[in-house]
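Read the numbers this way: they start at 1 and go in the same order the structure lists the ligands and their atoms. Values below: every heavy atom of this structure, side chains too, minus hydrogens, waters and symmetry copies.
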Amino acid sequence: MLQLRPNCELCDRDLAADSNSARICSYECTFCADCVDTQLHNVCPNCGGGFVARPIRPKIEHRRGTSLEHQPASSKRVRSAYSNEQIAEFVNGVKDIPAEQR
Ligand SMILES: [Zn+2]
Ligand SMILES: [Zn+2]
């Protein structure tokens, strides 16, 4: 199940569970749309993969036992282990390769 992490790993801005600005890679590395578009250029700095919009877990229990209340978002903030310089260098080496060919 998706962890729905509470912040962008790069700029640390809050990303609420119902945010339309959250982006995730296949490992659930979580960033904001601004960082993905302007700094990461669709390259996850942790794995090199591309991003998709994070799905929004429903607030309402449409089906029994499934809702944000039943499976709450994570409150554990995650920050990237890499420096901005390391990230920029990594992104530059990967961004021109289409995500499906990386
Ligand atoms: Zn960000
Ligand atoms: Zn990743």
Side-chain angles (χ1 to χ4, degrees):
M1 187 184 354
L2 279 174
Q3 290 180 348
L4 304 175
R5 297 174 186 172
N7 66 307
C8 172
E9 277 194 35
L10 188 54
C11 72
D12 198 34
R13 80 177 60 178
D14 290 341
L15 291 170
D18 62 356
S19 172
N20 282 317
S21 298
R23 302 287 180 268
I24 56 172
C25 79
S26 73
Y27 293 99
E28 297 185 55
C29 307
T30 303
F31 297 87
C32 72
D34 282 349
C35 285
V36 167
D37 293 343
T38 65
Q39 294 190 63
L40 300 176
H41 303 288
N42 200 35
V43 176
C44 174
N46 302 322
C47 70
F51 291 101
V52 296
R54 187 175 68 187
I56 294 176
R57 189 165 297 163
K59 294 176 175 64
I60 297 166
E61 187 184 18
H62 298 280
R63 292 286 196 184
R64 185 173 308 200
T66 63
S67 75
L68 192 59
E69 190 177 335
H70 290 83
Q71 291 85 27
S74 168
S75 60
K76 188 175 175 225
R77 300 182 83 83
V78 177
R79 296 301 306 276
S80 177
Y82 301 104
S83 70
N84 286 353
E85 292 73 23
Q86 288 173 316
I87 289 172
E89 187 179 2
F90 181 79
V91 165
N92 271 329
V94 177
K95 68 180 169 133
D96 294 329
I97 308 167
E100 63 271 22
Q101 292 174 24
R102 287 179 195 156

When rounded to the nearest 0.5 angstrom, what is the spacing between CZ in R79 and CG in N7?
-> 7.0 Å
Is it the case that one hydrophobic cluster holds both I24 and V78, taking links as side-chain heavy atoms less than 4.5 Å apart, direct or via other members?
-> no
Inter-residue atom distance N84.CG - L10.CG, 0.5 Å rounding | 5.5 Å
According to the ring pair (Phe, Tyr, Trp, His ring centres under 6.0 Å) rule, which pairs have a member within residues 35-74, sequence neighbours left out?
-> F31-F51
Looking only at heavy atoms, what is the nearest atom pair of S74 and P6, with distance?
-> O-CD, 3.6 Å
Angle in degrees, rounded to 10°, that SG of C44 and SG of C29 form at the Zn ion (ligand 2) = 90°
Tally of protein N, O or S atoms, where distance to the Zn ion (ligand 1) is under 2.8 Å = 4
Just to the nearest 10 degrees, tell me the angle at the Zn ion (ligand 2) spanned by C47 SG and C25 SG.
-> 110°
Is the side chain of Q86 donor-acceptor paired with the backbone N or O of S83 at a distance under 3.5 Å, no angle test?
-> yes
Check the pair S21 / D34 against side-chain contact (heavy atoms from CB on, under 4.5 Å), numbers first and verdict last.
-> CA-CA 8 Å; S21 298; D34 282 349; over 6 Å; no
